[in-house]
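The block underneath contains the structure these notes are about, expressed in C-alpha coordinates.
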Amino acid sequence: MNLVNGEILDATACDTVLNELEQRLQRTLQKDRLDPETVITACGRLLNHLDEQIYIDAMATLGIDEALGRRYIAEARQMFDPEYLRHRLRIELGDSRAESYTYTPMYHDGPVTEQVCPLGVLLHVAAGNADGLPAFSVFEGLLTGNINILKLPEDEGGISVRLLLELIEAEPQLAEYIYVFDYSSKDVIHIEKLISAVDAVVVWGGSEAVSALRKIVPPNVRLIEWGHKVSFAYVTPQGYTDEDLVGLATNIAETGQLLCSSLQGVFVDTDDMRDVYDFCERFLPILNKATIRRSDSLGIGVKAQVALRLYNEALEGIYSKSRIFKGTACSLIAYPDKTLETAIQFGNAWVRPLPRGDLMSVLRPYKNYLQTAALICEAPAREALSQTLFKAGVVRICPGEKMSTAYCGEPHDGEYSLRRYTRIVSME
(Lines give C-alpha, C1' and ligand atoms only; values in the text may rest on other atoms or scores of the structure.)
Protein backbone atom coordinates (compact mmCIF):
# COMPACT_ATOMS: atom_id res chain seq x y z
CA MET A 1 0.00 0.00 0.00
CA ASN A 2 1.42 3.37 -1.05
CA LEU A 3 0.57 6.75 0.49
CA VAL A 4 1.52 10.11 -1.04
CA ASN A 5 0.10 13.49 -0.05
CA GLY A 6 -2.68 11.79 1.90
CA GLU A 7 -3.82 9.59 -1.00
CA ILE A 8 -3.48 5.87 -1.69
CA LEU A 9 -1.66 5.30 -5.00
CA ASP A 10 -1.06 2.31 -7.24
CA ALA A 11 2.38 1.21 -8.46
CA THR A 12 2.21 3.20 -11.71
CA ALA A 13 1.36 6.44 -9.94
CA CYS A 14 4.16 5.79 -7.44
CA ASP A 15 6.72 5.55 -10.25
CA THR A 16 5.62 9.00 -11.42
CA VAL A 17 6.00 10.36 -7.89
CA LEU A 18 9.42 8.79 -7.57
CA ASN A 19 10.65 10.48 -10.75
CA GLU A 20 9.73 13.89 -9.35
CA LEU A 21 10.40 13.13 -5.68
CA GLU A 22 13.37 15.50 -5.31
CA GLN A 23 11.32 18.43 -6.61
CA ARG A 24 8.46 17.59 -4.23
CA LEU A 25 10.81 17.39 -1.26
CA GLN A 26 12.50 20.68 -2.10
CA ARG A 27 9.15 22.49 -2.24
CA THR A 28 8.35 21.25 1.27
CA LEU A 29 11.83 22.00 2.61
CA GLN A 30 11.56 25.62 1.45
CA LYS A 31 8.56 26.18 3.73
CA ASP A 32 8.75 27.15 7.39
CA ARG A 33 9.89 24.39 9.69
CA LEU A 34 7.18 22.00 10.85
CA ASP A 35 6.17 23.05 14.36
CA PRO A 36 6.29 20.18 16.89
CA GLU A 37 3.09 21.51 18.45
CA THR A 38 1.30 20.90 15.16
CA VAL A 39 2.30 17.23 15.35
CA ILE A 40 1.47 16.99 19.04
CA THR A 41 -1.99 18.49 18.55
CA ALA A 42 -2.66 16.10 15.67
CA CYS A 43 -1.67 13.15 17.86
CA GLY A 44 -4.14 14.30 20.51
CA ARG A 45 -6.94 14.46 17.93
CA LEU A 46 -5.97 11.01 16.65
CA LEU A 47 -6.27 9.53 20.12
CA ASN A 48 -9.67 11.12 20.66
CA HIS A 49 -11.09 9.40 17.57
CA LEU A 50 -9.12 6.14 17.62
CA ASP A 51 -11.30 3.10 16.86
CA GLU A 52 -9.46 0.43 18.82
CA GLN A 53 -11.45 -2.52 17.46
CA ILE A 54 -10.32 -1.83 13.90
CA TYR A 55 -6.70 -2.18 14.97
CA ILE A 56 -7.46 -5.21 17.16
CA ASP A 57 -8.97 -6.94 14.12
CA ALA A 58 -6.06 -5.90 11.88
CA MET A 59 -3.53 -7.26 14.36
CA ALA A 60 -5.47 -10.50 14.64
CA THR A 61 -4.80 -11.13 10.94
CA LEU A 62 -1.08 -10.96 11.81
CA GLY A 63 -1.43 -13.58 14.55
CA ILE A 64 -1.52 -11.12 17.47
CA ASP A 65 -4.14 -12.16 20.03
CA GLU A 66 -6.60 -9.64 21.45
CA ALA A 67 -4.93 -9.34 24.85
CA LEU A 68 -1.55 -8.48 23.34
CA GLY A 69 -3.22 -6.24 20.77
CA ARG A 70 -4.93 -4.24 23.51
CA ARG A 71 -1.61 -3.93 25.30
CA TYR A 72 -0.05 -2.49 22.14
CA ILE A 73 -2.90 0.00 21.83
CA ALA A 74 -2.57 1.03 25.49
CA GLU A 75 1.15 1.66 24.92
CA ALA A 76 0.37 3.60 21.73
CA ARG A 77 -2.05 5.80 23.66
CA GLN A 78 0.74 6.65 26.08
CA MET A 79 3.25 7.29 23.29
CA PHE A 80 0.88 9.64 21.43
CA ASP A 81 -0.35 11.47 24.52
CA PRO A 82 0.40 15.19 24.01
CA GLU A 83 1.97 15.65 27.45
CA TYR A 84 4.13 12.58 26.93
CA LEU A 85 5.36 13.97 23.60
CA ARG A 86 6.14 17.37 25.13
CA HIS A 87 8.04 15.61 27.92
CA ARG A 88 10.09 13.67 25.37
CA LEU A 89 11.01 16.85 23.54
CA ARG A 90 12.16 18.48 26.77
CA ILE A 91 14.18 15.45 27.87
CA GLU A 92 15.76 14.60 24.51
CA LEU A 93 16.25 18.01 22.89
CA GLY A 94 16.16 20.43 25.81
CA ASP A 95 13.98 23.42 26.59
CA SER A 96 15.62 25.54 23.87
CA ARG A 97 14.86 23.07 21.07
CA ALA A 98 12.61 25.48 19.18
CA GLU A 99 14.67 28.59 19.83
CA SER A 100 18.08 29.80 18.81
CA TYR A 101 20.69 30.16 21.53
CA THR A 102 23.26 32.94 21.28
CA TYR A 103 26.42 33.03 23.40
CA THR A 104 30.10 33.89 23.18
CA PRO A 105 32.23 30.72 23.24
CA MET A 106 35.43 30.49 25.26
CA TYR A 107 38.47 31.89 23.46
CA HIS A 108 36.23 33.28 20.68
CA ASP A 109 36.07 36.90 19.62
CA GLY A 110 32.32 37.17 19.10
CA PRO A 111 28.87 35.66 19.67
CA VAL A 112 27.65 32.44 18.03
CA THR A 113 24.02 31.42 17.52
CA GLU A 114 23.15 27.72 17.65
CA GLN A 115 19.86 25.94 16.93
CA VAL A 116 18.49 22.39 16.84
CA CYS A 117 17.23 21.61 13.32
CA PRO A 118 15.79 18.56 11.54
CA LEU A 119 18.10 16.41 9.45
CA GLY A 120 15.72 17.10 6.56
CA VAL A 121 14.36 13.93 4.91
CA LEU A 122 14.35 10.51 6.59
CA LEU A 123 13.84 7.13 4.91
CA HIS A 124 12.49 4.63 7.44
CA VAL A 125 13.19 1.03 6.44
CA ALA A 126 10.94 -0.94 8.76
CA ALA A 127 11.45 -4.45 10.10
CA GLY A 128 8.95 -7.16 9.27
CA ASN A 129 8.56 -8.38 12.86
CA ALA A 130 7.93 -5.00 14.49
CA ASP A 131 4.18 -4.69 15.02
CA GLY A 132 3.12 -1.09 14.53
CA LEU A 133 6.73 0.12 14.67
CA PRO A 134 6.82 1.53 11.11
CA ALA A 135 4.26 4.20 11.96
CA PHE A 136 5.90 4.96 15.33
CA SER A 137 9.20 5.65 13.60
CA VAL A 138 7.47 8.14 11.29
CA PHE A 139 5.84 9.87 14.26
CA GLU A 140 9.29 10.47 15.77
CA GLY A 141 10.52 11.88 12.46
CA LEU A 142 7.56 14.26 12.34
CA LEU A 143 8.10 15.36 15.92
CA THR A 144 11.59 16.51 14.98
CA GLY A 145 10.33 18.39 11.90
CA ASN A 146 11.55 15.96 9.24
CA ILE A 147 9.93 14.82 6.01
CA ASN A 148 9.43 11.07 6.31
CA ILE A 149 9.50 8.33 3.68
CA LEU A 150 8.45 4.92 4.99
CA LYS A 151 9.33 1.69 3.20
CA LEU A 152 6.88 -0.85 4.52
CA PRO A 153 7.90 -4.40 5.39
CA GLU A 154 6.06 -7.32 3.84
CA ASP A 155 2.85 -8.55 5.53
CA GLU A 156 2.48 -5.42 7.62
CA GLY A 157 -1.29 -5.64 7.50
CA GLY A 158 -1.97 -1.99 6.61
CA ILE A 159 -1.82 -0.87 10.25
CA SER A 160 0.79 1.84 9.69
CA VAL A 161 -0.92 3.35 6.64
CA ARG A 162 -4.22 3.45 8.51
CA LEU A 163 -2.62 5.24 11.46
CA LEU A 164 -0.85 7.74 9.23
CA LEU A 165 -4.01 8.43 7.23
CA GLU A 166 -5.88 9.16 10.45
CA LEU A 167 -3.07 11.47 11.53
CA ILE A 168 -3.31 13.36 8.22
CA GLU A 169 -7.07 13.62 8.64
CA ALA A 170 -6.45 15.12 12.08
CA GLU A 171 -3.98 17.64 10.59
CA PRO A 172 -3.95 17.95 6.75
CA GLN A 173 -0.76 20.05 6.92
CA LEU A 174 1.15 16.84 7.65
CA ALA A 175 0.28 15.23 4.30
CA GLU A 176 3.35 16.49 2.46
CA TYR A 177 5.62 15.28 5.28
CA ILE A 178 4.55 11.64 4.93
CA TYR A 179 5.30 9.21 2.11
CA VAL A 180 4.73 5.45 2.26
CA PHE A 181 5.94 2.94 -0.34
CA ASP A 182 5.62 -0.83 -0.30
CA TYR A 183 8.57 -1.62 -2.54
CA SER A 184 10.17 -4.98 -1.82
CA SER A 185 13.56 -4.92 -0.10
CA LYS A 186 14.83 -6.87 -3.11
CA ASP A 187 13.79 -4.01 -5.42
CA VAL A 188 17.21 -2.36 -5.24
CA ILE A 189 16.53 0.08 -8.11
CA HIS A 190 13.60 1.75 -6.36
CA ILE A 191 15.27 1.61 -2.94
CA GLU A 192 18.37 3.36 -4.30
CA LYS A 193 16.19 6.08 -5.84
CA LEU A 194 14.61 6.69 -2.43
CA ILE A 195 18.00 6.76 -0.72
CA SER A 196 19.34 9.30 -3.21
CA ALA A 197 16.66 11.78 -2.12
CA VAL A 198 17.12 11.61 1.66
CA ASP A 199 19.47 12.94 4.33
CA ALA A 200 19.39 9.80 6.49
CA VAL A 201 18.23 6.19 6.36
CA VAL A 202 16.67 4.82 9.53
CA VAL A 203 16.86 1.04 9.46
CA TRP A 204 15.05 -1.32 11.82
CA GLY A 205 16.08 -4.96 11.56
CA GLY A 206 18.68 -7.63 12.02
CA SER A 207 22.28 -7.81 10.93
CA GLU A 208 21.41 -8.91 7.41
CA ALA A 209 19.12 -5.94 6.80
CA VAL A 210 21.65 -3.49 8.20
CA SER A 211 24.53 -5.02 6.21
CA ALA A 212 22.52 -4.90 2.99
CA LEU A 213 21.81 -1.21 3.41
CA ARG A 214 25.39 -0.37 4.35
CA LYS A 215 26.38 -1.59 0.89
CA ILE A 216 24.08 0.80 -0.97
CA VAL A 217 23.86 3.87 1.30
CA PRO A 218 26.40 6.45 -0.01
CA PRO A 219 28.81 8.28 2.34
CA ASN A 220 26.82 11.53 2.11
CA VAL A 221 23.70 9.88 3.58
CA ARG A 222 23.62 9.14 7.30
CA LEU A 223 22.72 5.57 8.34
CA ILE A 224 20.83 5.36 11.64
CA GLU A 225 20.64 1.77 12.84
CA TRP A 226 18.10 0.29 15.24
CA GLY A 227 19.06 -3.38 15.06
CA HIS A 228 17.48 -6.41 16.66
CA LYS A 229 18.44 -6.86 20.31
CA VAL A 230 18.39 -9.73 22.81
CA SER A 231 17.12 -9.52 26.38
CA PHE A 232 17.52 -11.98 29.24
CA ALA A 233 17.36 -12.46 33.00
CA TYR A 234 20.25 -12.89 35.42
CA VAL A 235 19.40 -14.55 38.72
CA THR A 236 21.39 -15.68 41.73
CA PRO A 237 20.42 -19.01 43.40
CA GLN A 238 19.76 -17.34 46.78
CA GLY A 239 18.28 -14.15 45.35
CA TYR A 240 14.99 -15.06 43.68
CA THR A 241 11.48 -15.59 45.01
CA ASP A 242 8.32 -16.99 43.44
CA GLU A 243 7.10 -13.41 43.00
CA ASP A 244 10.22 -12.60 40.96
CA LEU A 245 9.62 -15.65 38.79
CA VAL A 246 6.00 -14.63 38.21
CA GLY A 247 7.34 -11.40 36.72
CA LEU A 248 9.57 -13.31 34.28
CA ALA A 249 6.72 -15.64 33.33
CA THR A 250 4.38 -12.71 32.78
CA ASN A 251 6.78 -11.12 30.29
CA ILE A 252 7.17 -14.38 28.37
CA ALA A 253 3.42 -14.98 28.22
CA GLU A 254 2.32 -11.44 27.38
CA THR A 255 4.88 -10.67 24.67
CA GLY A 256 5.19 -14.09 23.08
CA GLN A 257 8.94 -13.31 23.20
CA LEU A 258 8.53 -11.32 19.96
CA LEU A 259 10.00 -8.01 21.14
CA CYS A 260 13.61 -6.96 21.54
CA SER A 261 12.84 -6.47 25.23
CA SER A 262 11.19 -9.90 25.63
CA LEU A 263 12.87 -12.42 27.88
CA GLN A 264 14.62 -15.09 25.82
CA GLY A 265 16.39 -16.97 28.58
CA VAL A 266 17.85 -16.99 32.08
CA PHE A 267 21.46 -17.03 33.20
CA VAL A 268 21.94 -18.44 36.70
CA ASP A 269 24.88 -17.25 38.80
CA THR A 270 26.51 -20.67 39.14
CA ASP A 271 28.84 -23.14 37.51
CA ASP A 272 26.87 -26.11 38.89
CA MET A 273 24.16 -27.55 36.63
CA ARG A 274 22.26 -28.73 39.70
CA ASP A 275 21.47 -25.07 40.45
CA VAL A 276 20.22 -24.68 36.88
CA TYR A 277 17.98 -27.75 37.21
CA ASP A 278 16.66 -26.53 40.57
CA PHE A 279 15.77 -23.21 38.98
CA CYS A 280 13.95 -24.92 36.09
CA GLU A 281 11.94 -27.14 38.44
CA ARG A 282 10.84 -24.13 40.49
CA PHE A 283 10.16 -21.85 37.50
CA LEU A 284 8.33 -24.38 35.27
CA PRO A 285 4.96 -24.52 37.12
CA ILE A 286 4.93 -20.72 37.37
CA LEU A 287 5.65 -20.34 33.66
CA ASN A 288 3.09 -23.02 32.83
CA LYS A 289 0.38 -21.19 34.75
CA ALA A 290 1.15 -17.93 32.92
CA THR A 291 1.33 -19.41 29.42
CA ILE A 292 -1.53 -21.90 29.51
CA ARG A 293 -4.03 -19.02 29.39
CA ARG A 294 -2.41 -17.78 26.16
CA SER A 295 -1.90 -21.11 24.41
CA ASP A 296 -5.41 -21.30 22.96
CA SER A 297 -4.80 -18.10 20.97
CA LEU A 298 -1.84 -19.62 19.11
CA GLY A 299 -2.59 -20.92 15.64
CA ILE A 300 -2.13 -24.57 14.70
CA GLY A 301 0.83 -23.66 12.50
CA VAL A 302 2.65 -21.90 15.35
CA LYS A 303 2.01 -24.79 17.73
CA ALA A 304 3.28 -27.30 15.18
CA GLN A 305 6.42 -25.27 14.53
CA VAL A 306 7.17 -25.00 18.26
CA ALA A 307 6.56 -28.74 18.75
CA LEU A 308 8.92 -29.57 15.87
CA ARG A 309 11.71 -27.38 17.26
CA LEU A 310 11.32 -28.91 20.72
CA TYR A 311 11.48 -32.39 19.17
CA ASN A 312 14.72 -31.43 17.42
CA GLU A 313 16.08 -30.07 20.70
CA ALA A 314 15.31 -33.41 22.37
CA LEU A 315 17.22 -35.27 19.66
CA GLU A 316 20.18 -32.89 19.72
CA GLY A 317 20.25 -32.98 23.51
CA ILE A 318 22.07 -36.31 23.28
CA TYR A 319 25.08 -34.42 21.92
CA SER A 320 24.64 -31.00 23.54
CA LYS A 321 23.83 -32.51 26.96
CA SER A 322 20.78 -30.24 27.24
CA ARG A 323 17.72 -31.18 29.29
CA ILE A 324 14.13 -30.18 28.52
CA PHE A 325 11.65 -29.36 31.28
CA LYS A 326 8.27 -29.50 29.53
CA GLY A 327 5.01 -28.03 30.73
CA THR A 328 1.52 -28.02 29.22
CA ALA A 329 2.08 -24.92 27.10
CA CYS A 330 5.72 -24.08 27.74
CA SER A 331 9.19 -25.47 28.21
CA LEU A 332 12.57 -24.66 29.73
CA ILE A 333 15.73 -26.01 28.13
CA ALA A 334 18.74 -26.30 30.43
CA TYR A 335 22.04 -26.01 28.56
CA PRO A 336 25.51 -26.47 30.04
CA ASP A 337 27.07 -23.81 27.77
CA LYS A 338 27.01 -20.01 28.16
CA THR A 339 25.61 -18.98 24.78
CA LEU A 340 23.32 -15.95 24.41
CA GLU A 341 20.66 -16.53 21.75
CA THR A 342 17.00 -16.05 20.93
CA ALA A 343 14.63 -18.68 22.26
CA ILE A 344 11.95 -20.86 20.77
CA GLN A 345 9.15 -18.32 21.05
CA PHE A 346 5.69 -18.44 22.61
CA GLY A 347 6.43 -19.80 26.07
CA ASN A 348 9.82 -21.46 25.74
CA ALA A 349 13.06 -20.21 27.28
CA TRP A 350 16.60 -21.43 27.82
CA VAL A 351 18.40 -21.57 31.18
CA ARG A 352 22.21 -21.57 31.42
CA PRO A 353 24.90 -21.32 34.11
CA LEU A 354 26.94 -18.11 34.19
CA PRO A 355 29.02 -17.32 37.31
CA ARG A 356 29.22 -13.60 38.01
CA GLY A 357 32.98 -13.68 37.53
CA ASP A 358 32.41 -14.69 33.88
CA LEU A 359 29.74 -12.07 33.11
CA MET A 360 32.06 -9.68 31.31
CA SER A 361 33.92 -12.27 29.23
CA VAL A 362 30.71 -14.03 28.15
CA LEU A 363 28.48 -11.01 27.45
CA ARG A 364 31.01 -8.52 26.08
CA PRO A 365 31.21 -10.22 22.63
CA TYR A 366 27.44 -9.58 22.30
CA LYS A 367 27.78 -5.90 23.30
CA ASN A 368 25.88 -4.49 20.30
CA TYR A 369 23.04 -6.98 20.67
CA LEU A 370 22.23 -6.59 24.36
CA GLN A 371 19.21 -4.62 25.50
CA THR A 372 17.25 -5.38 28.69
CA ALA A 373 18.26 -7.56 31.64
CA ALA A 374 15.95 -8.57 34.47
CA LEU A 375 18.32 -8.69 37.44
CA ILE A 376 17.08 -10.83 40.32
CA CYS A 377 19.55 -11.12 43.16
CA GLU A 378 20.16 -10.42 46.84
CA ALA A 379 20.13 -6.68 47.63
CA PRO A 380 23.83 -6.27 48.59
CA ALA A 381 24.94 -7.63 45.20
CA ARG A 382 22.57 -5.60 43.03
CA GLU A 383 24.72 -2.49 42.50
CA ALA A 384 27.90 -4.38 41.59
CA LEU A 385 26.07 -6.78 39.26
CA SER A 386 24.22 -3.89 37.61
CA GLN A 387 27.45 -2.05 36.86
CA THR A 388 29.01 -5.19 35.41
CA LEU A 389 25.99 -5.75 33.15
CA PHE A 390 26.09 -2.12 31.99
CA LYS A 391 29.80 -2.35 31.23
CA ALA A 392 29.19 -5.54 29.25
CA GLY A 393 26.69 -3.71 27.02
CA VAL A 394 23.24 -4.01 28.64
CA VAL A 395 21.31 -0.72 28.41
CA ARG A 396 18.42 -1.34 30.81
CA ILE A 397 17.96 -3.28 34.06
CA CYS A 398 14.53 -3.82 35.61
CA PRO A 399 12.24 -6.41 37.22
CA GLY A 400 10.97 -9.19 34.95
CA GLU A 401 7.42 -7.88 34.68
CA LYS A 402 8.68 -4.49 33.45
CA MET A 403 11.09 -5.69 30.78
CA SER A 404 8.75 -4.77 27.92
CA THR A 405 7.04 -1.82 29.58
CA ALA A 406 8.42 1.57 28.56
CA TYR A 407 8.45 4.56 30.87
CA CYS A 408 7.91 8.17 29.87
CA GLY A 409 11.05 9.52 28.20
CA GLU A 410 12.86 6.17 28.12
CA PRO A 411 15.91 5.98 25.80
CA HIS A 412 15.67 3.48 22.95
CA ASP A 413 18.52 0.95 22.98
CA GLY A 414 20.55 3.35 25.11
CA GLU A 415 20.03 6.42 22.92
CA TYR A 416 17.52 9.24 22.54
CA SER A 417 16.06 8.75 19.08
CA LEU A 418 14.94 12.36 18.65
CA ARG A 419 18.54 13.50 19.00
CA ARG A 420 19.60 11.17 16.21
CA TYR A 421 17.00 12.74 13.90
CA THR A 422 18.29 16.29 14.43
CA ARG A 423 21.48 18.31 13.98
CA ILE A 424 22.94 21.41 15.60
CA VAL A 425 23.50 24.36 13.26
CA SER A 426 25.49 27.45 14.17
CA MET A 427 25.83 30.95 12.76
CA GLU A 428 28.13 33.86 13.58
Side-chain angles (χ1 to χ4, degrees), residues 1 3 6-8 38-88 124 126-143 148 150 152-172 174-175 178 180 182 204 250-262 290-291 293-299 302 345-346 401-410 412:
M1 190 178 296
L3 177 65
E7 298 181 0
I8 304 296
T38 300
V39 180
I40 291 171
T41 302
C43 288
R45 293 172 185 159
L46 170 63
L47 289 182
N48 290 336
H49 298 93
L50 190 67
D51 188 333
E52 294 187 3
Q53 193 58 48
I54 290 178
Y55 292 95
I56 293 293
D57 295 340
M59 283 187 278
T61 64
L62 300 175
I64 302 171
D65 66 55
E66 182 172 344
L68 184 55
R70 292 200 179 280
R71 173 176 173 166
Y72 284 162
I73 289 175
E75 290 177 355
R77 283 192 173 278
Q78 292 179 357
M79 292 175 66
F80 296 155
D81 177 77
E83 285 309 307
Y84 173 85
L85 295 174
R86 293 186 183 101
H87 176 78
R88 281 196 63 186
H124 305 264
N129 69 336
D131 307 309
L133 181 61
F136 296 160
S137 187
V138 170
F139 276 86
E140 290 182 327
L142 289 170
L143 200 58
N148 299 270
L150 171 61
L152 286 174
E154 295 181 10
D155 301 323
E156 192 267 345
I159 296 175
S160 290
V161 170
R162 180 181 293 276
L163 265 174
L164 294 172
L165 271 173
E166 291 195 30
L167 185 69
I168 291 171
E169 290 175 4
E171 177 48 72
L174 300 179
I178 300 172
V180 180
D182 60 4
W204 301 81
T250 299
N251 177 269
I252 290 174
E254 290 188 348
T255 68
Q257 297 164 282
L258 297 171
L259 308 178
C260 290
S261 58
S262 297
T291 55
R293 298 191 299 268
R294 303 280 186 178
S295 62
D296 292 339
S297 64
L298 297 178
V302 172
Q345 296 171 331
F346 303 107
E401 66 273 14
K402 293 186 177 181
M403 289 180 68
S404 300
T405 302
Y407 60 84
C408 187
E410 177 187 357
H412 182 73

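Heads up: numbering here begins at 1 and tracks the sequence.
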Next item on the list: Locate the shortest heavy-atom distance separating G141 from N148; write the atom from each residue and the value.
Entry: CA-OD1, 3.1 Å
Next item on the list: Take R162 and Y55 through the side chain to side chain contact (heavy atoms under 4.5 Å, CB included) test and state the conclusion after the steps.
Entry: CA-CA 9 Å; R162 180 181 293 276; Y55 292 95; 3.2 Å; yes
Note to self: Between R45 and E166 (salt bridge meaning N to carboxylate O under 4.0 Å), is one present in this structure?
What the structure shows: no
Next item on the list: Give the C-alpha distance, both sets of side-chain angles, the deciding distance and a yes or no for side chain to side chain contact (heavy atoms under 4.5 Å, CB included) between M1 and V180.
Entry: CA-CA 8 Å; M1 190 178 296; V180 180; over 6 Å; no
Notebook entry, point to check: Passes side chain to side chain contact (heavy atoms under 4.5 Å, CB included), F346 versus L258? Steps please.
Noted result: CA-CA 8 Å; F346 303 107; L258 297 171; 3.9 Å; yes
Margin query: I168 vs L3, test: side chain to side chain contact (heavy atoms under 4.5 Å, CB included). Steps then yes/no.
Written below: CA-CA 11 Å; I168 291 171; L3 177 65; 4.3 Å; yes
Notebook entry, point to check: Just how far is it from atom CG of L165 to atom CD1 of I178, taken to the nearest 0.5 Å?
Noted result: 8.5 Å
Item checked: Residue pair T38 / L174: nearest heavy atoms and the distance that separates them -> CG2-CD2, 4.4 Å
Item checked: Heavy-atom side-chain contact between Y84 and H87 under 4.5 Å -> no
Next item on the list: Return the minimal non-hydrogen interatomic distance between G44 and P82, and the atom names on each side.
Entry: CA-CG, 3.8 Å
Note to self: Whether the side chain of Q257 engages the backbone of S262 through a donor-acceptor N/O pair (distance < 3.5 Å, no angle test) should be reported.
What the structure shows: no
Next item on the list: Locate the shortest heavy-atom distance separating S160 from A135; write the atom from each residue and the value.
Entry: OG-N, 3.2 Å
Notebook entry, point to check: Is there side-chain contact between E254 and E401, with at least one heavy-atom pair below 4.5 Å?
Noted result: no
Checklist line | Atom pair CD1/CG of I159 and L164 - distance to nearest 0.5 Å | finding: 12.0 Å
Next item on the list: Using a strict 4.0 Å threshold on nitrogen-to-oxygen distance, state whether E52 and R77 make a salt bridge.
Entry: yes
Next item on the list: Might you point out which heavy atoms bring F80 and C43 nearest each other, and give the distance in Å?
Entry: O-CB, 3.5 Å
Item checked: Distance, nearest 0.5 Å, that separates CG of L47 from CG of D81 -> 7.0 Å
Notebook entry, point to check: About how many Å separate CG of L152 and NE2 of H124, when rounded to the nearest 0.5 Å?
Noted result: 11.5 Å
Next item on the list: Find the distance between CZ (F139) and CG (L85) and round it off to the nearest 0.5 Å.
Entry: 9.0 Å
Next item on the list: Rounded to the nearest 0.5 Å, what's the gap from CD1 on I40 to CG on L143? Could you check?
Entry: 5.5 Å
Checklist line | Test item: V161 and D182 side chains (from C-beta on) under 4.5 Å apart, heavy atoms | finding: no
Margin query: For E171 versus A42, what's the shortest heavy-atom pair and its separation?
Written below: CB-CB, 3.5 Å
